[in-house]
Amino acid sequence: MGLVIGRIAIDDPEAWSEPAGNEVGMVGGVPVPAPRTGLKVTPVLSTWPAGEGGTAADRARIRRQLRALLQNPLVRARGVYVAWSEDPEQDGWYMPGAAVFETYTPDLSQQLYRVTGLELSLIGRARTHRRAVVARVADRRLATTPRDTLGRVTSTDFAGLSALAVVALPSGASDVVVHGAAAPLTVTVAEAGYGGASLQRVIGAMDLTVVSVEQADAHRLLGDVVVLDRRGGTTTMLSTGPQAVWEEVYGPDQPLTAGDVPVLENGLCRVSYDTGNVDGFRVDVWTGSAWAEQGKAVIARHNGSLFALDTLVSARVVEWTAERAVVCVVMRAAADATSREEVFLTLQRGWLGPRIEVYPARTAGGAAGAAIDWTLQ
């Protein structure tokens with residue numbers, strides 16, 4: 001298996017410096033325990049895939065993914081799980097620091113890179129810590145709480161609806177403990193997801209409630225929110241999973257293939273850009289054995305007349321963690337010269353469908369409207 005950093009599987013480290021214990025300070029001539037500074041592992045890594053070697057394309061992919069992971073502040077702040085098949089006693093959650101990508105040879109076409117200077121600061125290990133999630137709950141029925149990604153929409157349109165706070169748990173969660181709750185909260189029955197994921201939810205948690213769980217190693221990467229660059233493999237959407245050429249994306253700094261929109265998937269729902277018949281965003285759900293299409297979101301611009309958004313301008317990853325992904329897609333209606341709409345796709349762990357938001361371009365008379373219609377393809 002080699003070394004797995006987050007979701008990236010690479011070859012065994014060239015070096016792994018493991019500190020232990022804490023330094024000793026001196027008061028006068030008397031040795032005393034120094035303040036604890038934590039443990040930092042300083043490995044030397046290569047960009048070779050697990051099993052050594054690989055092709056230049058394999059090594060280029062790992063370089064892109066590692067760079068994006070290290071440049072993703074949301075992931076670094078949470079820490080990443082590091083698993084090493086050669087020495088599983090080192091497994092645990094680490095916060096990665098800065099690193100330097102050095103070339104083995106001047107021939108960059110071979111993508112022979114060594115990663116040095118990386119510090120992995122230990123946060124905790126499974127033998128000493130439980131995995132946990134922190135509930136972030138906001139009442140979007142209030143006029144003081146924005147409902148949209150960019151924070152532009154605040155209203156009481158849904159004030160008459162009953163609120164339901166739902167917190168998704170990591171795959172395979174067991175021995176669920178809700179810390180600080182005044183009364184026991186409901187934990188839903190596990191729902192089967194892609195790849196063997198088993199997903200549950202806690203109902204009724206307050207904001208900042210901590211929920212800790214036990215999780216088997218076999219479930220550690222299941223049910224994560226995944227962003228996939230199709231790398232040109234757009235002709236078919238396999239019902240059983242991603243194509244071999246698809247590449248997982250680990251942050252905004254990872255370059256995407258031009259002319260396409262990355263796929264979002266969380267084990268229960270999959271969202272992809274589809275140009276068949278009419279441009280739009282296809283939504284699939286996992287049936288237990290395959291991905292099955294539920295429909296396509298087709299977006300149109302209202303500017304005097306109705307103009308379908310039929311031209312893809314660009315796409316970028318705004319945010320990615322294993323719990324949540326946001327992708328911004330810029331589209332145009334070819335028949336309207338003033339059209340340039342931004343479409344935000346959001347998918348979180350445990351969601352049964354995406355959130356789709358459209359920000360219309362402005363016209364001389366004000367902002368144009370937008371509509372989302374669903375159709376089966």
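Values reported hereafter were calculated over all heavy atoms of this structure, with side chains retained and with hydrogens, waters and symmetry mates removed.
Here S212 pairs with R130, A132, V177, H179 under the side chain to side chain contact (heavy atoms under 4.5 Å, CB included) rule; sequence neighbours left out. Taking Q71 as the reference, nothing meets the side chain to side chain donor-acceptor pair (under 3.5 Å) condition, with sequence neighbours excluded. Partners of L39 under the side chain to side chain contact (heavy atoms under 4.5 Å, CB included) rule, at least two apart in sequence or in another chain, are P19, L122. For T234, the side chain to side chain contact (heavy atoms under 4.5 Å, CB included) partners two or more places apart in sequence, or in a different chain, are R230, D260. Scored by the side chain to side chain donor-acceptor pair (under 3.5 Å) test, T236 finds Q243 as partners (sequence neighbours excluded). Listed by chain and number, the residues in a side chain to side chain contact (heavy atoms under 4.5 Å, CB included) with V44 are E14, A15, R114, T116 (sequence neighbours excluded).
Remark: side-chain polar atoms of S171 are paired, donor with acceptor, to backbone N or O of S198 under 3.5 angstrom. Panel note: side chain W291, backbone T240; no donor-acceptor pair is recorded below 3.5 Å. R301 places no side-chain N or O within 3.5 Å of a backbone atom of P360 that could act as its donor or acceptor partner. Put simply, the side chain of R282 never gets that close to the backbone of Y273: no donor and acceptor are under 3.5 Å apart. In this structure a side-chain-to-backbone donor-acceptor pair under 3.5 Å is missing from Q200 to A168. Looking only at distances, no side-chain donor or acceptor of K296 sits under 3.5 Å from a matching main-chain atom of D279. No donor-acceptor distance shorter than 3.5 angstrom exists from the side chain of Q90 to the backbone of V82, with no hydrogens or angles considered. Of the possible donor and acceptor atoms, none in the side chain of T156 sits under 3.5 Å from a partner among the backbone N and O of A159. Judged purely by atom type and a 3.5 angstrom limit, N72 has no side-chain atom pairing as donor or acceptor with the backbone of L69. Of the possible polar contacts, one joining the T209 side chain to the M206 backbone as a donor-acceptor pair under 3.5 Å is found.
The salt bridge (Lys or Arg N to Asp or Glu O under 4.0 Å) contacts involving residues 263-273 comprise R270-D284, where partners must be two or more places apart or lie in separate chains. Sorted by first and then second residue, the salt bridge (Lys or Arg N to Asp or Glu O under 4.0 Å) pairs with a member in residues 70-91 read R78-E323; sequence neighbours excluded. The stretch residues 59-70 participates, sequence neighbours left out, in these salt bridge (Lys or Arg N to Asp or Glu O under 4.0 Å) pairs: R64-E247. Within the structure, salt bridge (Lys or Arg N to Asp or Glu O under 4.0 Å) contacts touching residues 184-200 (residues at least two apart or in different chains) are E191-R201.
Two different hydrophobic clusters hold W351 and V263 under the rule that ILVMFWY side chains link at heavy-atom gaps under 4.5 Å. V225 and I356 are not part of a single hydrophobic cluster, where members link through side-chain heavy atoms under 4.5 Å apart. Hydrophobic clustering, with ILVMFWY side chains joined whenever heavy atoms are under 4.5 angstrom apart, keeps L264 apart from V326.
You'll find the ring centres of Y359 and F344 inside the 6.0 Å limit. When ring centroids are compared, F281 and W374 stay outside the 6.0 Å threshold.
Scanning all heavy atoms of the two residues, the minimum distance from W320 to A325 falls at CD1-CB, 4.0 Å. Across every non-hydrogen atom of R332 and R340, the tightest pair is CG-CA, 4.1 Å. Residues P170 and R349 come closest through the heavy atom pair CA-NH1, 4.0 Å. Contact detail for V318 and C328: the closest heavy-atom pair is CG2-CB, 3.6 Å. Considering all non-hydrogen atoms of both residues, W246 and G233 come closest at NE1-O, 2.9 Å. Closest heavy-atom contact between A83 and R220: CB-NH2, 3.6 Å.
Other members of the cluster containing M95 are Y81, W93, I123, with ILVMFWY side chains joined at under 4.5 Å, either directly or via other members. Other residues sharing the hydrophobic cluster of L352, ordered by chain and number and joined by side-chain separations under 4.5 Å: L199, L268.
In summary, the side chains of D229 and T257 do present a donor paired with an acceptor at a separation below 3.5 Å, with no hydrogens or angles considered. T338 and D336 share a donor-acceptor pair across their side chains, judged by distance under 3.5 Å alone. Side-chain atoms of E341 and S339 form a donor-acceptor pair, as typed in the model, at a separation below 3.5 Å. Side-chain contact of T154 with R140: a donor-acceptor pair under 3.5 Å is absent, judged by distance alone. Of the N and O atoms on the side chains of N266 and Y194, not one donor lies less than 3.5 Å from an acceptor on the other residue.
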From CA spacing to verdict: side chain to side chain contact (heavy atoms under 4.5 Å, CB included), Y104, S46: CA-CA 9 Å; Y104 278 103; S46 68; 3.8 Å; yes

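With Y94 as reference, R125 is the one residue of R125, K40, E119 to meet the side chain to side chain donor-acceptor pair (under 3.5 Å) rule.
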